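Right, one structure below, let's go through it.
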There are 2 protein chains.
Amino acid sequence: MITMKDIAMELGINESTVSRALNNHPHVHPSTRERVAEAARRLNYRPNTLARSLATNRSYVVGLVISNIANLFFAEVTQGIEQVADANGYSVILCDTARDAAKERRYLDLLASRQVDGIIFMSGRLPADTVAAIRSVKCPVVMISRDGARYGIPTVRINNRVEAARAVNYLINLGHARIGFISGQLDDAESGLPRLAGYKAALSDAGIPFDPCIVQEGDFTMESGVRACTRLLDAVPRPTAVFAANDEMAIGAMKALAQHGISVPKDMAVVGFDNTALARVVTPALTTVAQPLRSLGSTATEMLIRMMTGQGLKDIEVVLDCQLVVRSSCGGTGI
Amino acid sequence: MITMKDIAMELGINESTVSRALNNHPHVHPSTRERVAEAARRLNYRPNTLARSLATNRSYVVGLVISNIANLFFAEVTQGIEQVADANGYSVILCDTARDAAKERRYLDLLASRQVDGIIFMSGRLPADTVAAIRSVKCPVVMISRDGARYGIPTVRINNRVEAARAVNYLINLGHARIGFISGQLDDAESGLPRLAGYKAALSDAGIPFDPCIVQEGDFTMESGVRACTRLLDAVPRPTAVFAANDEMAIGAMKALAQHGISVPKDMAVVGFDNTALARVVTPALTTVAQPLRSLGSTATEMLIRMMTGQGLKDIEVVLDCQLVVRSSCGGTGI
DNA sequence: ACGGTCTATGCAAGGGCTTGCAGATTCACC
DNA sequence: GGTGAATCTGCAAGCCCTTGCATAGACCGT
């Protein structure tokens, strides 16, 4: 491997001059700068980022701690992150935790060892020791879709309560008064619970009484959506619409409905949540609350960069808006 | 930040002894080793990987160059990669090229600068200058689903020709004799062309004449599948089955069929290729050729590790088998 | 011609860790 | 008790780059 020393010897000048020339420092003679650039090109010189990082104490690397990269949700957020990181000269180290809290902590340690300049954390719950582990890493951390703000950790998220209500309101405006709900796990304080709260709030705002019989708990998988929807069909009177707390479950619901010969949207409207790639692929295409996945990633990264470069943060928590994507699963317009 | 020097001073011993103790070198007194370990724990010491890498000339980082992480196909391969990399002490830097050849080359340079120990490349075509860029990076490279072997670059892939034939054979065995094909781009030598070749080969083996009228070119998107299938329906006699070169297009085909009131699988069988998450989600669930996505990733990483650690490679190219996942889109058994 | 201000370069220390070499200590064994 | 081998530790150089300080030369105004 060819180093600055090689360039310096080649040109009979000092290594430090080479460094300054390559880094566009002032006080370098234009001709010197040019000779250095030429030699670097000719010798196919590649700076050793490791050495530079060691000397400057900045690695230009950020760590991304994520539950499951094979999940469309995370994958798309990741793309948002990688994009703005790269645009700002940062590389990203990918850490897939598979929701294992021990692995999370190990990864945090690893990233600290690797001297990352910052970390984006989007994985698992936040028990005390995970929070402690995050704190013990001395670099900036920002969280996505987690209740980090409570611990003083900058966070970007959506308002699950409001967004769930948005979906339910849409159904209400379509004339539905009996709306079933397939919830996520109700011990999930981040998205399971607030989406239920939003559902209730929207009903209550519309003066529709809440009926626990048409709320069924799922676990965010398609299969659980099938089961939950099947139970929903036994309720009397039967709902005319169903809102599922994510797309997978909504699609599961559609499968259950198909099995029972119930036509969507004619006999039953369905709306989902997330707007992953699955939503546009099913027939009828799913009307759903679109999370701004890319923006969650890019915004978080922008926040992180501000922190890493010592600029302040306006707010410790930024809440992004979702958008209802109307397709065909509720009738009305759309593809 | 606390360093080995701190531990050394704390214990009144030399830095090098600390290093040896921490790295489990022989010839370190057990008691010393214990004292060092204790001090490290107490002071919350974290090794500086950068410095270590600089000294040892091994970074334990691999670069992953990929077209589009938000695509399920790549995301799942990535998971396979990250998993075995992590299990072997390697971190992975994610580089999403968005299929931009210039970006690819920039990323390769970047990774070289970052002193990665190896690179997994799964992005774009292989024009001469990309190959040159790959060669100029002095570390081991392995490719996934590309024709790297031709350039002497270790590769793991599937046999698209054989696997496409597998799908067509399945349809033939089901009794179909008029099978439409929705191809990918025919200028794509990696998967577009060979899948068409496999389609032809299977027909020919079964003594079914090839009819270009029932081959329609798409571009691997769902929309192109809709269009291609629509064209297919005009053919006389109309096909009784359609094989699409990937799941997205197969799903597009199903949409087109639904629009025309043609029932799947009763009036038309459909089979796809890839087995991404989309396949199990549509109704009826899609029968498709399952690429061993995780294995593509893990196998490639294992090969890379062998190369990075100076162990030889048995073969420069390893070809993984796919599996036909039978669901409901062709009738028969399945979910 | 001379002090003063810039500009351009060199020198050397430093970032945290590893490792070959050498010296010191221990141990076993005769 | 002396010898050789084995074990343990220290010294210092080295990995490649950055940067504060110092110096030398250029340039300017008076």
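The analysis underlying the following values was restricted to heavy atoms, covering all of them including side chains, and did not include hydrogens, waters or symmetry mates. Computed from a predicted model, the values in this text were never measured in an experiment.
- One end of the helix from C:dA1-D:dT30 to C:dC30-D:dG1 points its axis 40° away from the other end's axis, with each axis taken from 5 pairs and the angle rounded to 10°.
- Considering only heavy atoms from C-beta on, B:I81 comes within 4.5 Å of B:I144 through its side chain.
- Rounded to an integer number of Å, the gap from A:H25 NE2 to D:dT19 C1' is 8 Å.
- Comparing atom distances between the A:H27 side chain and each of D:dC8, C:dT7, C:dG16 picks out C:dT7 as nearest.
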CA sep, side-chain torsions, deciding dist, call: B:V84, B:T299, side chain to side chain contact (heavy atoms under 4.5 Å, CB included):
CA-CA 9 Å; B:V84 353; B:T299 305; over 6 Å; no
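- Following rounding to the nearest Å, A:R58 (CZ) and D:dT18 (P) show an atom-to-atom distance of 14 Å.
- When the side-chain nitrogen and oxygen atoms of A:N14 are compared with OP1 and OP2 of C:dC11, one or more of them lie within a distance under 4.0 Å.
- Residue-level contact check: B:S53 touches neither bases nor backbone, having no heavy atom under 4.0 Å from any strand.
- For B:T56, counting side-chain heavy atoms from C-beta on, the closest listed nucleotide (C:dT19, D:dT19, D:dC17) is C:dT19.
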Could you go step by step and tell me if A:D147 and A:R157 meet the salt bridge (charged side-chain N to carboxylate O under 4.0 Å, His left out) rule?
CA-CA 9 Å; A:D147 192 10; A:R157 67 193 311 174; 3.6 Å; yes
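- The side chain of A:T3 places no N or O atom within less than 4.0 Å of a non-bridging phosphate oxygen (OP1 or OP2) of D:dC16.
- Contacts of A:I13 with the nucleic acid, taken as non-hydrogen atoms under 4.0 Å apart, involve only primed sugar atoms and P, OP1 or OP2.
- OP1 or OP2 of C:dG10 lies within a sub-4.0 Å distance of a side-chain N or O belonging to A:T17.
- The side chain of B:A51 sits closest to C:dC17 out of C:dA8, D:dT18, C:dC17.
- Residue-level contact check: A:P26 touches neither bases nor backbone, having no heavy atom under 4.0 Å from any strand.
- Counting heavy atoms from C-beta outward, A:I119 and A:V137 have side chains that approach closer than 4.5 Å.
- A salt bridge does not link B:D96 with B:K103: every distance from a Lys NZ or Arg NE/NH1/NH2 to an Asp or Glu carboxylate oxygen is 4.0 Å or more.
- Geometric assessment of A:R58 against the ring of A:Y60 yields a positive cation-pi assignment under the 6.0 Å and 45° thresholds.
- Contact check, B:N48 against C:dG15: no side-chain N or O comes under 4.0 Å of OP1 or OP2.
- Following rounding to the nearest Å, B:E15 (CD) and D:dG14 (P) show an atom-to-atom distance of 17 Å.
- The residue A:N57 sits apart from the nucleic acid: no heavy atom pair falls under 4.0 Å.
- One N or O donor and one acceptor, one from the side chain of A:R20 and one from the base of C:dG10, sit under 3.5 Å apart.
- In this structure, B:H29 reaches the sugar-phosphate backbone alone: every heavy-atom distance under 4.0 Å involves primed, P, OP1 or OP2 atoms, never a base.
- Each of D:dC15, D:dT19, C:dT9 was ranked by its minimum atom distance to the side chain of B:L54; first place goes to D:dC15.
- In this structure, A:M4 atom CE and C:dT9 atom P are separated by 15 Å, rounded to whole Å.
- Ion pairing between B:R106 and A:D86 holds under the 4.0 Å rule for side-chain N and carboxylate O.
- Counting heavy atoms from C-beta outward, A:E10 and A:R42 have side chains that approach closer than 4.5 Å.
- For D:dC16, neither phosphate oxygen OP1 nor OP2 lies less than 4.0 angstrom from any side-chain nitrogen or oxygen of A:Y45.
- For the pair B:R46 CZ and C:dC17 C1', the computed distance is 17 Å after rounding to whole Å.
- At the heavy-atom level, A:S16 lies under 4.0 Å from base atoms of the strands shown.
- Ionic pairing of B:E302 and B:R306 is not present here: no N-O contact between side-chain nitrogen and carboxylate oxygen is shorter than 4.0 angstrom.
- Straight-line distance from the CG atom of A:L50 to the P atom of D:dC17: 11 Å, rounded to whole Å.
- Taking atom CZ on B:R33 and atom P on D:dT7, their separation rounds to 13 Å, with Å as the unit.
- Between the NZ atom of B:K5 and the C1' atom of D:dC11 there is a distance of 14 Å, given to the nearest Å.
- Contact annotation: B:T32 side-chain N/O to D:dT9 OP1/OP2 distance is under 4.0 Å.
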